[in-house]
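Notes follow the structure.
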Number of protein chains: 2
Amino acid sequence: MDTGDVFDPECPTRVVLDRIGDKWSVLVLLSLDGGPMRFTELRGRIGGVTPKVLTQTLRSMEQDGLLTREVFAEVPPRVEYTLTDLGRSLHGPLSVVAGWAERNVHEILRCREKFS
Amino acid sequence: MDTGDVFDPECPTRVVLDRIGDKWSVLVLLSLDGGPMRFTELRGRIGGVTPKVLTQTLRSMEQDGLLTREVFAEVPPRVEYTLTDLGRSLHGPLSVVAGWAERNVHEILRCREKFS
DNA sequence: CCTGCACAGTATCCATCGGATACTGGTTAC
DNA sequence: GTAACCAGTATCCGATGGATACTGTGCAGG
């Protein structure tokens, strides 16, 4: 099976990198790993995201097959977002990166100060 | 040692996620893992990057302590970019993500088509 | 002499995108 | 009747990314 090449601008792997690279996509995916969540739950969990951007993020991730969107005909309305297998398979790689970020944030901030 | 929390918008871990999330930063870091490179080499290796954006990327990564920039007083000018220990420590996490991207690009494209 | 090339970038312009703020619509509980 | 709940839209603006073109230094070749 042939795989993509991230260094080739013609390779669609680039679009995958864009999605993965999106800060909000990463946070949505990490959040949903604990199980399905509703729109407002996600908004609460992921501090600082605006509804418009969250909607865009969720729609893109749905298109890419990372999650599913299920609407329940209830009142008040309920919409649940659930990771697909593909989405779950991305959790491992991303949590490795998130862990690195959490461990190294101090070091990076120290470096930045030296430049100011 | 306390670590950051990626879900807190006040936590500086967010800025780290932004950097990591940047497509070009990822590609620069993966490229430099093979050893120091010059500006033009990087441009060649990383298809599709414009010089302006590459410069911005390199300057940011330098500020964050991920790489060093060394200017040699030669003719023609030579500038070498080298990963720091911090930068090298990020290679593992990122290559895991890049590997995922290369392996799953087909699946994602298939999902996209179903939405068109 | 002076033209051209190598290298490492700047300069300029424009389209797109992210983010802030405000608003919608159906239902039901008070 | 009016306020709240939920899941979003609508609108506007500044920042950012990308395309294209240009700069400056110094040597090598004709």
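Below, read A as the first sequence line, B as the second, and so on, with proteins coming before strands; counting in each chain starts at 1. Keep in mind that this is a model prediction, so the values were computed, not measured.
- Distances shorter than 4.0 Å separate none of the side-chain N or O atoms of Lys23(B) from OP1 or OP2 on dT16(D).
- With hydrogens and angles left out, the side chain of Lys52(B) and the base of dG9(C) share no donor-acceptor pair within 3.5 Å.
- Of the side-chain N and O atoms in Trp24(A), one or more sit less than 4.0 angstrom from OP1 or OP2 of dG19(C).
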Walk me through it: do Arg69(A) and Leu58(A) pass the test side-chain contact (heavy atoms from CB on, under 4.5 Å)?
CA-CA 8 Å; Arg69(A) 175 174 181 273; Leu58(A) 290 168; over 6 Å; no

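- Connection of Leu90(B) to Leu30(B) is established within a shared hydrophobic cluster, with ILVMFWY side chains joined at heavy-atom distances below 4.5 Å, either directly or through further cluster members.
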Begin from the C-alpha positions of Trp24(B) and Val53(B) and carry the test side-chain contact (heavy atoms from CB on, under 4.5 Å) through to its verdict.
CA-CA 8 Å; Trp24(B) 302 123; Val53(B) 173; 3.3 Å; yes

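- Spacing between atom CD1 of Ile46(B) and atom P of dG18(D) amounts to 12 Å, rounded to whole angstrom units.
- If you measure from atom CE of Met37(B) to atom P of dA8(C), you get 11 Å, rounded to the nearest angstrom.
- Here dT27(C) presents its C1' atom at 13 Å from CD of Glu74(A), a figure rounded to the nearest Å.
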Kindly indicate, with the supporting measurements, whether the criterion side-chain contact (heavy atoms from CB on, under 4.5 Å) is fulfilled by Cys111(B) and Ile108(B).
CA-CA 5 Å; Cys111(B) 291; Ile108(B) 289 180; 5.7 Å; no

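- Remark: Arg45(B) is positioned above the aromatic ring of Phe7(A), its terminal NZ or CZ atom under 6.0 angstrom from the ring centre and at most 45 degrees off the axis.
- A salt bridge links Arg112(B) with Asp64(A): the closest approach of a Lys/Arg side-chain nitrogen to an acidic carboxylate oxygen falls below 4.0 angstrom.
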Distances under 3.5 Å between nitrogen or oxygen atoms of protein and nucleotides 3-8 of chain D:
residue: dC6(D); atom: O3'; partner: Arg38(A); partner atom: NH2; Å: 3.1
residue: dC6(D); atom: O3'; partner: Pro77(A); partner atom: O; Å: 2.8
residue: dA7(D); atom: OP1; partner: Arg38(A); partner atom: NE; Å: 3.0
residue: dA7(D); atom: OP1; partner: Arg38(A); partner atom: NH2; Å: 3.1
residue: dA7(D); atom: OP1; partner: Val79(A); partner atom: N; Å: 3.1
residue: dA7(D); atom: OP2; partner: Thr40(A); partner atom: N; Å: 3.2
residue: dA7(D); atom: OP2; partner: Thr40(A); partner atom: OG1; Å: 2.6
residue: dG8(D); atom: OP1; partner: Arg69(A); partner atom: NH2; Å: 2.4
residue: dG8(D); atom: OP2; partner: Tyr81(A); partner atom: OH; Å: 2.8

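- Within the structure, every side-chain polar atom (N or O) of Gln56(B) is placed at least 4.0 Å from both OP1 and OP2 of dT16(D).
- Rounded to whole Å, atom P of dG17(D) lies 15 Å from atom CZ of Arg14(A).
- The separation between Leu54(B) atom CG and dG17(D) atom C1' is 14 Å, rounded to whole Å.
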